[in-house]
Amino acid sequence: MAISDVTNPCEAALNAWLQEAYAKAFGGEAALRALPAKDAAFGDFQCNDAMSLAKALKCNPRQAAEALLKALPLPPMVRKAEIAGPGFINITLSPEWLAEQCAAFGAGSDYGIPSPGKGKTVVIDYSSPNVAKPMHIGHIRSTVIGNAIDRLLRALGYTVIADNHLGDWGTQFGILIMGYRHFLTDADRAALTVEMLEKVYVKSYNRTQEDETWLQACRDELVKLQQGDAANREVWETFIAISREEFDKIYRRLDVSFDLYRGESHYQPILEETVQALIDRGIATPSEGAWIADMKDEGLQVAIVRKSDGGFNYTATDIATVRSRVREFDPARIIYVTDERQQLHFKQFFAICQKLGCTAHAALEHVWFGLMRLPEATFSTRQGNVIKLEALLNEAEARALAIVEEAHPDWPDADRRTLAAQIGIGAVKYADLSHDPQGMIVFTWEKALALEGNSGPYLQYAHARIRSLLDKYRAQFPEAPDPLAAPILITDPLERQLALTMLQFPGAVARAGEQCRPNVLADYLYSLCQHYSRFYQALPVLKAADAVRASRAHLCAVVAGILRRGLGLLGIAAPDRI
RNA sequence: GCGCCUGUAGCUCAGUCGGAUAGAGCAUCGGAUUUCUAAUCCGGCGGUCGCAGGUUCGAGCCCUGCCAGGCGCGCCA
């Protein structure tokens, strides 16, 4: 049974009732389940199980449904239960009971988010940019999706270790060191930037293609670095420091933080013994001068674990990383968030880890996402159509700022900039998080920076409107109790829909986290806002009669709380004023 | 050639375990503000769920084949 079943108090109660009815009517147990009604016209919840049940019981589906309903008297929480169509059971709740559930929900802890991860550690490996290269639009998905999963799993009770597995080791550093030494002035080196490093790398790389001596010199510098040559080591550390500074600027703007920044270099000391372990177990065998793992039995192609020149590749590094993480953290799960192109690699090295038995009880999971592309082409350095991440964020903030300045000419500039950043970044993140990760994203500025419709700012706006409304409520009715303490009255269908939607929050969080699909939560929050906006448009709060006013303020307060919490789980700010 | 993924409205996308009349946003057309923030709300238009079979009481969802596109397939990560 899925977690979402037990997170919605209404569903939990209805399931229990249906299952008791089943036991009474037919004996034994069955996993009967009430689901939110597909159409409000049917009621609040529906149960579709009579149809499949009928087959096992060898009877007519409608009769099965009738037998279920007749087995027990209608519980007080249910106002109406009727059979429709081939055997759907449509359930309408008693408004009083629903109101009680909502009141308890708002007053309860953390909006009912369950803790399936309690006592479990999960290592999540995301973002992982390469040193000496600026982050570009291709990095946004791993960073934003990975961070949302990070936040979701923490909310679900996991002890999360977010590790940024930087690309800080490999053949490119020989090329880079040569470029750094020969193409930069002292002044350049004093004011070094990642952008300069990238240019120097390209220049040096191009020269390796036509100059054999240069190529050999690059190799020599790499060997020296790997052997711990002090001078090269120092330069390499400079590259990392400069890069980290650049990355951290972006991460600050994105409100992303990591527990660890262990690059590939961190695992260098244990590569030798890792590959030796593979050889000792007979998992790795020599072939054409290299060491390979043959995985025909797993239906996979061979993977190289040590190159014929003696060097180690990323398969070896990744295996060593798993061993290291298992020893140090003993995680229940290790999650990698990377693009789809690496699926084969992960299958291979997961299989090797299994064979090696180095995973202990850790489940290795590859959460892959589709590449981002332009409507007319894929992004590629060669075509020169790559958008730098910094430029994207700047553009997002600039567009938001234009609107904020127009809306609030009287605000201090600093406040407007802060708000514009929250909105612009929120728009960019939401554009990504509202899609199923496992699909390609077609990038358009229009979509990424959308401020209307199904967008981050739509959610932020709904939240800000509620906060403003609640402030007015407190100002106008200073003697009124805390909105969360007021009894809820559910009379209008819009209130009912809103209440029913609120209760689905913990299920959405659980499903989004456990399935590593933040879009499940994004979709939920959007739907909640749609229901709220309809409610807000049609039903007055401040001008309603006392009891109704207090009740509606209560609903507003819970929605605002859910929005703030939900947006927080996606890493999106929830400003109080827009 | 083999493997993974994708194909749903003009465009971008949702679609819990297989359930009732397939939903949003954008675009477009038309409405709503003496009333709590119009970054909002309501309505119209718009569909052979790539194609063809199959399983099922019931298929966008499961199975088979085909078509189209993306990505990957031994020393880059």
Side-chain angles (χ1 to χ4, degrees), chain A residues 1-2 4-5 31 33 35-39 41-42 46 48-49 51-52 54-55 60-61 84-88 90 128 130 167 169-172 264 287-292 299-309 311-315 317-318 338-345 347 368 370-371 373 375 378 400 403-404 407 423 431 434-436 438-442 444 446-447 450-455 457-458 460-462 464-466 468-473 476 507-508 511 515 519-520 522-523 526-527 529-530 533-534 536-544 552 556 577-578:
Chain A
M1 193 171 283
S4 56
D5 287 347
R33 185 179 169 192
L35 297 166
K38 185 138 194 200
D39 188 323
F42 299 142
Q46 61 183 61
N48 304 332
D49 298 323
M51 270 109 52
S52 50
K55 193 173 218 170
N60 176 317
F88 297 102
N90 290 330
S128 308
N130 287 325
W169 202 249
T171 51
Q172 72 268 31
E264 292 162 357
S287 168
E288 298 171 29
W291 288 89
I292 62 162
L300 296 169
Q301 293 136 46
V302 298
I304 289 175
V305 297
R306 185 164 198 173
K307 300 190 284 181
S308 53
D309 67 1
F312 299 100
N313 63 358
Y314 75 145
T315 302
T317 308
D318 280 341
T338 82
D339 74 62
E340 60 185 332
R341 292 175 300 187
Q342 303 195 37
Q343 286 177 85
L344 177 60
H345 162 67
K347 276 184 191 162
W368 58 266
L371 288 173
R373 50 162 293 164
T378 50
I403 292 170
V404 172
I423 291 172
S434 59
H435 291 83
D436 184 338
Q438 297 191 357
M440 212 165 33
I441 277 205
V442 176
T444 61
E446 185 188 68
K447 177 86 177 157
L451 304 177
E452 292 169 7
N454 188 355
S455 68
Y458 174 89
Q460 292 173 319
Y461 181 68
R465 272 201 310 191
I466 306 175
S468 168
L469 176 60
L470 290 172
D471 284 350
K472 287 200 167 78
Y473 177 77
Q476 287 182 30
R511 205 152 61 87
Q515 296 179 11
N519 69 303
V520 169
D523 288 349
Y526 176 60
S527 159
C529 283
Q530 281 185 308
S533 293
R534 282 174 203 141
Y536 175 84
Q537 199 78 22
L539 305 176
V541 177
L542 300 181
K543 297 201 169 172
R552 288 182 182 162
C556 287
R577 289 287 175 279
I578 287 184

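Residue numbers start from 1 in every chain, and the chains themselves are labelled A, B, ... in the order their sequence lines are given, proteins ahead of strands.
Partner assigned to B:A27 is none, using Watson-Crick or G-U wobble distances below 3.5 angstrom. In this structure B:U48 sits in no base pair that meets the Watson-Crick or G-U test at under 3.5 Å. Under the Watson-Crick or G-U wobble criterion, with both distances below 3.5 Å, B:G18 is left unpaired in every strand shown. Remark: B:C75 base-pairs with no nucleotide in the shown strands. Criterion, Watson-Crick or G-U wobble with two distances under 3.5 Å.
Note on A:Asn90: a base of the nucleic acid sits closer than 4.0 angstrom, heavy atoms only. Nucleic acid contact for A:Ser533: sugar-phosphate only, since backbone atoms but no base atoms lie under 4.0 Å from a heavy atom of the residue. Within 4.0 Å (heavy atoms only), A:Glu288 reaches at least one base atom of the nucleic acid. Across all strands shown, A:Met51 has heavy atoms under 4.0 Å from base atoms, whether or not it also approaches the sugar-phosphate. Here A:Ala464 lies in heavy-atom contact (under 4.0 Å) with a base. Counting non-hydrogen atoms under 4.0 angstrom, A:Asp39 reaches nothing in the nucleic acid. Residue-level contact check: A:Val302 touches the bases, meaning some heavy atom is under 4.0 Å from a base atom. Residue A:Leu539 is classed as a base contact, given a heavy-atom separation below 4.0 Å to a base. Among the atoms of the strands shown, none is found under 4.0 Å from any heavy atom of A:Ala462.
Side-chain N/O atoms of A:Tyr314 and base N/O atoms of B:A77 include a donor-acceptor pair closer than 3.5 Å. Between the side chain of A:Ser287 and the base of B:G74 there is at least one donor-acceptor pair of N/O atoms closer than 3.5 Å. Within 3.5 Å, a donor on the side chain of A:Arg33 pairs with an acceptor on the base of B:C17, or the reverse. Put simply, the side chain of A:Gln46 and the base of B:A20 share a donor and an acceptor less than 3.5 Å apart. Side chain A:Ser308 to base B:C75: a donor-acceptor pair is found below 3.5 Å. Contact annotation: side chain of A:Asp318 to base of B:A77, donor-acceptor pair absent below 3.5 Å.
B:C73 and B:A20 are spaced 42 Å apart, taking the P atom of each and rounding to whole Å. Comparing the same atom, C1', in B:C29 and in B:G15 gives a spacing of 28 Å after rounding to whole Å. Nucleotides B:U16 and B:U33 place their P atoms 39 Å apart, quoted to the nearest Å. Distance check on atom C1': B:C17 versus B:G58 gives 14 Å, rounded to whole Å. One P atom belongs to B:G69, the other to B:A24, and the distance between them is 33 Å to the nearest Å. Here the separation of B:C66 from B:C71, taken at their P atoms, is 22 Å to the nearest Å. Here the separation of B:C61 from B:C49, taken at their C1' atoms, is 10 Å to the nearest Å. Rounded to a whole angstrom, the distance from the P atom of B:U6 to that of B:C63 is 12 Å.
Between A:Gly311 and A:Arg306, the shortest heavy-atom contact is O-CG, 3.4 Å.
Heavy-atom nearest nucleotides on RNA chain B were determined for A:Gly439 and for A:Leu344, and the one closer to the 5' end corresponds to A:Gly439. Along RNA chain B, the nucleotide closest to A:Ile423 and the one closest to A:Ser52 are compared, and the more 5′ of them pairs with A:Ser52.
Computed from coordinates, the A:Arg341 CZ to B:C76 C1' distance equals 11 Å when rounded to whole Å. Straight-line distance from the CG atom of A:Leu35 to the P atom of B:A20: 11 Å, rounded to whole Å. Note: CG (A:Asp523) to P (B:C13) measures 14 Å, nearest angstrom. Distance, A:Tyr461 OH to B:A38 P: 4 Å, rounded to whole Å. One atom, CG of A:Asn519, and another, P of B:G25, lie 18 Å apart when rounded to the nearest Å. Residue A:Arg373 contributes atom CZ, which lies 11 Å from atom C1' of B:U6 at whole-angstrom precision. The distance between atom CD of A:Gln438 and atom P of B:U6, rounded to the nearest whole Å, is 7 Å. B:U35 atom C1' lies 12 Å from atom CG of A:Leu469, rounded to whole Å.
Glycosidic conformation of B:C62: anti, with the torsion beyond 90° of 0.
Distances shown here put every side-chain N or O of A:Tyr536 at or beyond 4.0 Å from the OP1 or OP2 atom of B:A39. Within the structure, every side-chain polar atom (N or O) of A:Arg306 is placed at least 4.0 Å from both OP1 and OP2 of B:C75. For A:Lys38, no side-chain nitrogen or oxygen approaches OP1 or OP2 of B:G15 to under 4.0 Å. Listed pair A:Thr171 / B:C76 fails the phosphate criterion, with no side-chain N or O lying under 4.0 Å from OP1 or OP2.
By the 5.5 Å and 30° criteria, A:Phe42 is stacked with the base of B:A20. By the 5.5 Å and 30° criteria, A:Phe88 is stacked with the base of B:A20.
Using a 4.5 Å heavy-atom cutoff, the side chains of A:Trp368 and A:Arg341 are not in contact.
Here the straight-line distance linking atom CD of A:Gln301 with atom NZ of A:Lys347 works out to 10.0 Å at 0.5 Å rounding. Distance check, rounded to the nearest 0.5 Å: CD of A:Gln515 to CG of A:Asp436 gives 9.5 Å. For the atom pair CG of A:Leu542 and NZ of A:Lys472, the computed distance is 8.0 Å after rounding to the nearest 0.5 Å. Within the model, atoms NE2 of A:His345 and CD of A:Gln343 stand 12.0 Å from one another, a figure rounded to the nearest 0.5 Å. In this structure, CD1 in A:Ile466 is found 9.5 Å from OH in A:Tyr536, a value given to the nearest 0.5 Å.
Within the 3.5 Å criterion, the main-chain N or O of A:Asp49 finds a donor-acceptor partner in the side chain of A:Ser52.
With salt bridges taken as basic N to acidic carboxylate O contacts below 4.0 Å, none links A:Asp523 and A:Arg511.
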